[in-house]
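Here is the structure we will look at, set down as structure tokens.
Each residue takes its place number in the sequence, starting with 1.
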Amino acid sequence: MKNIAPETEAEAEEFDFKPLTAQEAEEWRRRHPAPSVWRLVAAQALMGVVVALVAWGVSGERHVAWSAGYGALAVVLPAAVFARGMARQRRVAGAAMVGFMGWELVKIVLTIAMLAAAPLWVSQLSWLALVVGMLVTMKTYWVALLVRPSVRKTDGLREE
């Protein structure tokens, strides 16, 4: 039989894959705990308050601050509903993907409903401030993941 050399570096690395043993996987989980979703939601809520205060400080107008705060709330509230739903769903084996899709749909619908209701809830709504509040709050998720205290340097489990 003829051996064909791998064409790309990714194909060459594919053969070096070694699955972890149960003990190695447990050790990896111990050293890399999963981040708390509630901590991420709290970070988003805190950033939403900061954005609203900055909007108020920059503009000097209360309705701009309320608009930015409502934009942040349109991110935080659906995220909290999603986190709660997924936390309850996690206990049911085999339904993780269906649960994720279902709760993500709930999150999207709730966000759209909140945006549609924004003119009713915020007088003199500033759509620009609302969008800025939403964007900054959404991006907080990635910052919170990057600065989480549980991140440690990888120090190969196997060295053979």
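Across all their heavy atoms, W56 and A65 have their closest contact at CB-CB, 3.5 Å. The nearest pair of heavy atoms linking A79 to Q44 is CB-OE1, 3.7 Å. Taking each heavy atom of P78 and L110 in turn, the nearest pair found is CA-CD2, 3.8 Å. Contact record, L115 with A74: CD2-CB, 4.3 Å, taken as the closest heavy-atom pair. Nearest approach of A52 to A68, heavy atoms of both residues: CA-CB, 4.2 Å. Pairing each heavy atom of V41 with each of A80, the nearest pair is CG1-CB, 4.1 Å.
Note on L135 and L125: same hydrophobic cluster, where clusters join Ile, Leu, Val, Met, Phe, Trp and Tyr whose side-chain heavy atoms are under 4.5 Å apart, directly or indirectly. Both L120 and L77 are part of a single hydrophobic cluster, where members link through side-chain heavy atoms under 4.5 Å apart. No single ILVMFWY cluster, assembled from side-chain heavy atoms under 4.5 Å apart, contains both V76 and I112. Connection of V37 to L46 is not established within any shared hydrophobic cluster, with ILVMFWY side chains joined at heavy-atom distances below 4.5 Å, either directly or through further cluster members. Placement of V58 and V132 within a single hydrophobic cluster is found when ILVMFWY residues are connected by side-chain heavy-atom separations under 4.5 Å, directly or transitively.
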side-chain contact (heavy atoms from CB on, under 4.5 Å) between T137 and M134: does it pass, once the steps are laid out? CA-CA 5 Å; T137 305; M134 284 184 70; 6.0 Å; no

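With rounding to the nearest 0.5 Å, the separation of CG in L105 from CE in M101 is 8.5 Å. Note that CZ of R30 and CD of E27 are 4.0 Å apart. Values are rounded to the nearest 0.5 Å. Here the straight-line distance linking atom CH2 of W66 with atom CG of L73 works out to 10.0 Å at 0.5 Å rounding. To the nearest 0.5 Å, the span separating CD on E24 from CZ on R29 amounts to 11.5 Å. The CD atom of E104 lies 9.5 Å from the CE atom of M86; values are rounded to the nearest 0.5 Å. With rounding to the nearest 0.5 angstrom, the CZ atom of F82 is 9.5 Å from the CD1 atom of I108.
Taking 4.5 Å as the limit, some side-chain heavy atom of M47 sits within range of a side-chain heavy atom of V136. Looking at T111 and V75, their side chains never come closer than 4.5 Å, going by heavy atoms from C-beta outward.
Y70 contributes a side-chain N or O that, together with a main-chain N or O of M114, makes up a donor-acceptor pair within less than 3.5 Å. Side chain of S67 to backbone of S126: a donor-acceptor contact under 3.5 angstrom is found. At distances below 3.5 Å, at least one donor-acceptor pair connects side-chain atoms of H63 with backbone N or O atoms of Q124.
The number of heavy atoms from other shown groups lying within 6.0 Å of CH2 (W121) does not exceed 12.
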